[in-house]
Chemist: 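First the structure, which I've put down as structure tokens, then a few questions once you've had a look.
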2 protein chains.
Amino acid sequence: MAGIRKVRKEDGAGGKYMQDFLRNFILSRFRGGAGEIKLEDLEDGSDFPGGILTTDSYVVTPPVFKGGSIGSLAICGTCNDLAVMGAEPGVMSMSLIIQDGFETETLERILDDMKYWSEKVGVKVITGDTKVVESNVGIAVNTSGVGFRNEWLNRNIEVVREYREYPYSWVRDCGLRDGDAIVISGTIAEHGVAVMLEREEFGFEVDICSDVYPVWLFLKDVLGKGGITAMKDPTRGGIAGVLNEMAEKSGVGILVEEERVPVRDDVKGFCEALGLDPMSMACEGRVVMGVIEDLAEDVVKELKRAGQKDAEIVGYATSEFREVVVETSIGSRKVLPPPVADPVPRVC
Amino acid sequence: MAGIRKVRKEDGAGGKYMQDFLRNFILSRFRGGAGEIKLEDLEDGSDFPGGILTTDSYVVTPPVFKGGSIGSLAICGTCNDLAVMGAEPGVMSMSLIIQDGFETETLERILDDMKYWSEKVGVKVITGDTKVVESNVGIAVNTSGVGFRNEWLNRNIEVVREYREYPYSWVRDCGLRDGDAIVISGTIAEHGVAVMLEREEFGFEVDICSDVYPVWLFLKDVLGKGGITAMKDPTRGGIAGVLNEMAEKSGVGILVEEERVPVRDDVKGFCEALGLDPMSMACEGRVVMGVIEDLAEDVVKELKRAGQKDAEIVGYATSEFREVVVETSIGSRKVLPPPVADPVPRVC
């Protein structure tokens with residue numbers, strides 16, 4: 001016997017180790033789906049005759065941080081998983097695991113955030129579950145959501161199909177093709193940094209809020225304009241994670257111009273000081289999308305009009321290589337590998 | 001200031017305290033629904049245009065017990081919440097929170113149970129999420145499920161409507177009316193006892209397995225026969241919990257003949273020795289239903305034909321009082337109050 005094998009932190013960190021974990025333990029037992037999207041596609045959600053189903057369990061520590069809480073993450077994050085597939089957030093479940101002795105004041109803050117964001121998005125919390133446990137879990141929140149087909153999604157697919165074949169019924173992360181522009185909806189890494197700042201005293205002045213936000217609020221207009229071929233929200237693993245996932249699933253490479261990636265100066269400074277790459281840090285209110293090249297400027301314009309003032313074309317998909325390659329301002333190129341694990345654990 | 005208020009174990013125990021907790025914290029913020037069933041109805045699930053959505057987080061300790069595991073509970077329990085509303089389990093999400101260092105052998109046992117039962121029921125696990133945490137949670141599993149309208153449910157409602165008005169589109173726990181027979185599908189309290197036995201050494205010989213089972217497998221035939229007016233599965237709080245909930249929501253009383261309630265002798269003996277009431281102990285594969293009086297014998301026959309050999313008519317709904325009243329074999333009557341909390345915590 002090789003000894004007892006154990007689950008490790010990296011197995012749930014959203015990077016390469018987690019992919020292996022899922023393949024070994026989950027996909028060896030569960031495969032297939034109820035529609036176009038299979039479990040083994042490892043998409044943000046999966047379709048069934050009534051819409052898209054998605055789920056997320058949130059375990060962020062601490063549960064309240066600058067700019068939000070585990071409650072904001074639970075509503076926004078689950079709605080975002082639906083939104084990046086083009087599904088309109090419709091109904092949700094909310095399931096709480098609370099530690100015995102957890103302060104009700106913090107719980108109320110969390111529930112207030114859930115109420116605020118669910119009303120903002122227009123998603124209905126229709127069912128739930130509550131468990132109280134003795135283990136030192138603090139609070140864990142699961143939200144599962146169902147998203148619906150809608151006119152904006154339909155319009156988007158119609159527009160894409162004016163340019164090329166698009167064999168999918170939803171916006172998929174495998175939809176990138178050679179030449180597509182890569183668009184980022186806003187500045188990156190703020191959520192990851194905000195959670196880190198909440199945990200420790202770093203001895204220099206920084207004032208960074210989580211970017212947690214329900215992307216559907218600006219995405220529907222962009223979908224209505226049309227041209228999005230692939231989309232993901234960069235949470236665990238940051239944009240390094242989602243760019244690699246989109247490239248691999250689509251069978252293309254991606255070239256990113258480093259200086260076009262929007263990062264706030266204070267975020268960049270903080271990350272440099274700690275040796276962290278903002279490209280691997282979590283966002284909770286941003287979107288990375290592939291867009292039909294001819295429509296990319298319009299999409300960015302529409303994003304800005306919808307309030308995403310830092311939206312930017314940061315690169316393009318290419319069939320010349322298969323990696324994600326970052327080009328610096330002086331023209332040197334380096335491969336941006338998929339993260340093996342999250343540099344900051346438990347950010348969502 | 002009255003000091004810091006904290007969440008207590010009883011707040012998540014499925015009894016009266018939990019009802020208060022839900023009213024104070026959840027229903028003060030979230031109300032309404034997307035169809036006929038509102039969040040404040042505190043049903044097992046809630047309808048939306050595509051079906052019924054339900055969610056459950058499982059935290060049972062230990063995670064493996066005689067007759068099953070947290071994996072069996074997660075699949076069967078979530079499917080059961082759908083089934084008691086007459087919905088056919090269709091698609092599910094699976095979300096794991098695993099403690100860093102959790103043994104993969106136990107994890108595999110749990111996932112094997114999930115695979116086994118999901119295939120048995122014919123429900124598709126189409127999406128999921130995995131988090132690894134440092135807190136001593138062991139493993140917590142959330143399963144959310146969507147159930148669909150089906151011919152068996154439609155037939156049941158058709159049959160009920162031949163006898164009286166039934167204004168609901170799904171089987172509801174508020175559907176009991178004066179004169180309805182109360183039917184229990186099998187022997188009670190085995191799940192609660194099995195989990196207790198796993199935790200401690202009680203110094204006498206008992207061999208009791210959890211009754212965990214997906215009730216849809218026998219319910220669809222019974223629904224197809226028709227006549228079910230109300231239905232619940234007695235988990236936390238046992239049949240004392242669900243009988244009181246059905247009575248209160250329906251605005252009727254329930255009379256139960258104690259000696260007709262099926263309890264195995266060894267379960268009864270174990271509970272007596274420890275001063276526990278089997279009526280308050282959890283089941284995970286049983287159903288309590290109200291049935292049109294004239295059809296009750298047929299329903300019991302159908303349940304037996306579908307393998308539930310201990311199915312029994314145990315009483316009836318009445319408009320003479322509003323409580324759940326238990327009549328003993330010598331004719332004395334006592335009120336069976338709703339449990340305030342679960343006598344055995346963390347059974348599901």
Side-chain angles (χ1 to χ4, degrees), chain A residues 4-9 11-13 18 21-22 25-26 29-30 32-34 39 45-46 48-51 53-57 59 90-91 93-95 97-98 100-105 107-108 111-112 114-115 124-133 135-138 140 142 144 146 346, chain B residues 4-9 11-13 18 21-22 25-26 29-30 32-34 39 45-46 48-51 53-57 59 90-91 93-95 97-98 100-105 107-108 111-112 114-115 124-133 135-138 140 142 144 146 346:
Chain A
I4 296 167
R5 278 188 311 150
K6 302 194 167 184
V7 176
R8 304 157 307 163
K9 237 176 304 180
D11 294 329
M18 184 161 127
F21 175 85
L22 295 179
F25 291 97
I26 309 295
R29 291 175 175 83
F30 302 92
L39 187 68
S46 186
F48 69 97
L53 177 67
T54 190
T55 190
D56 264 304
S57 284
V59 293
V91 295
S93 65
M94 150 169 70
S95 183
I97 300 175
I98 313 172
D100 187 15
F102 193 80
E103 288 178 19
T104 55
E105 199 186 321
L107 177 65
E108 297 206 77
L111 292 170
D112 285 342
M114 295 186 81
K115 176 179 158 71
K124 278 264 171 207
V125 176
I126 62 169
T127 190
D129 183 48
T130 305
K131 297 277 157 62
V132 178
V133 299
S135 59
N136 59 343
V137 66
N142 177 282
S144 299
V146 176
R346 295 190 64 186
Chain B
I4 295 167
R5 279 188 311 151
K6 301 194 166 183
V7 177
R8 305 157 307 164
K9 236 176 303 181
D11 294 328
M18 184 161 127
F21 176 85
L22 295 178
F25 291 97
I26 309 294
R29 292 176 175 82
F30 301 93
L39 187 67
S46 186
F48 69 97
L53 177 67
T54 190
T55 191
D56 264 303
S57 284
V59 293
V91 296
S93 65
M94 149 168 70
S95 184
I97 301 175
I98 313 172
D100 186 17
F102 194 79
E103 288 180 18
T104 55
E105 198 186 322
L107 177 65
E108 298 208 77
L111 293 170
D112 285 341
M114 294 187 83
K115 176 178 157 73
K124 278 262 171 210
V125 176
I126 63 170
T127 190
D129 182 49
T130 304
K131 297 277 157 62
V132 179
V133 299
S135 59
N136 60 343
V137 66
N142 177 281
S144 300
V146 176
R346 294 191 64 185

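Per chain, numbering begins at 1; letters A, B, ... match sequence-line order. Basis for what follows: all heavy atoms, side chains included, without hydrogens, waters or symmetry-related copies.
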Chemist: Looking at CZ of Phe21(A) and OG1 of Thr130(B), how far apart are the two atoms once the value is rounded to the nearest 0.5 Å?
Modeler: 5.5 Å
Chemist: Measure the spacing between CZ of Arg346(B) and NZ of Lys131(A) and express it to the nearest 0.5 Å.
Modeler: 10.0 Å
Chemist: Top residue by heavy-atom pair count (under 4.5 Å) with chain A, among Gly33(B), Gly12(B), Ser57(B)?
Modeler: Ser57(B)
Chemist: Tell me, please, which residues at least two apart from Arg8(A) pass side chain to side chain donor-acceptor pair (under 3.5 Å).
Modeler: Asp11(A)
Chemist: Taking every heavy-atom pair that is under 4.5 Å apart, which of Ile98(B), Val146(B), Asp112(B) has the most such pairs with chain A?
Modeler: Asp112(B)
Chemist: Could you have a look at Ile97(B), Asp56(B), Val137(B) and say which one has the most heavy-atom pairs with chain A under 4.5 angstrom?
Modeler: Asp56(B)
Chemist: For the residue pair Val91(A) and Ala34(B), what are the closest heavy atoms and their distance?
Modeler: CG1-CB, 3.5 Å
Chemist: Supply the atom-to-atom distance Leu111(A) CG to Phe25(B) CZ, rounded to the nearest 0.5 angstrom.
Modeler: 8.0 Å
Chemist: Say you draw a straight line from CG of Asn142(B) to OG of Ser95(A); how long is it, rounded to the nearest 0.5 Å?
Modeler: 4.5 Å
Chemist: Which of the residues Lys6(A), Met94(A), Lys9(A), Arg29(A) is involved in the greatest number of heavy-atom pairs with chain B at under 4.5 angstrom?
Modeler: Arg29(A)
Chemist: Are the side chain of Asp129(A) and the backbone N or O of Thr55(B) linked by a donor-acceptor pair below 3.5 Å?
Modeler: no
Chemist: Quick one: does Ser46(A)'s side chain have a donor or acceptor within less than 3.5 Å of a partner on Thr127(B)'s backbone?
Modeler: no
Chemist: In terms of heavy-atom proximity below 4.5 Å to chain B, should Leu107(A) be classed as side chain, backbone, both, or neither?
Modeler: side chain
Chemist: Between Ser144(B), Gly50(B), Gly90(B), which has the largest tally of heavy atom pairs under 4.5 Å with chain A?
Modeler: Ser144(B)
Chemist: Heavy-atom pairs under 4.5 Å with chain A - which of Ser135(B), Gly138(B), Pro49(B), Ala13(B) has more of them than the others?
Modeler: Ser135(B)
Chemist: Give, as side chain, backbone, both or neither, the part of Lys124(B) having an atom under 4.5 angstrom from any heavy atom of chain A.
Modeler: side chain
Chemist: Pick from Val59(B), Asn136(B), Thr54(B), Leu22(B): which one has the most heavy-atom pairs with chain A under 4.5 Å?
Modeler: Asn136(B)
Chemist: Quick check on Met18(A) against chain B: is it the side chain, the backbone, both or neither that has a heavy atom closer than 4.5 Å?
Modeler: side chain
Chemist: Could I get the full list of side chain to side chain contact (heavy atoms under 4.5 Å, CB included) partners for Leu39(B), not counting sequence neighbours?
Modeler: Ile26(B), Leu27(B), Phe30(B)
Chemist: With a 4.5 angstrom heavy-atom cut-off, which part of Val125(A) approaches chain B: side chain, backbone, both or neither?
Modeler: both
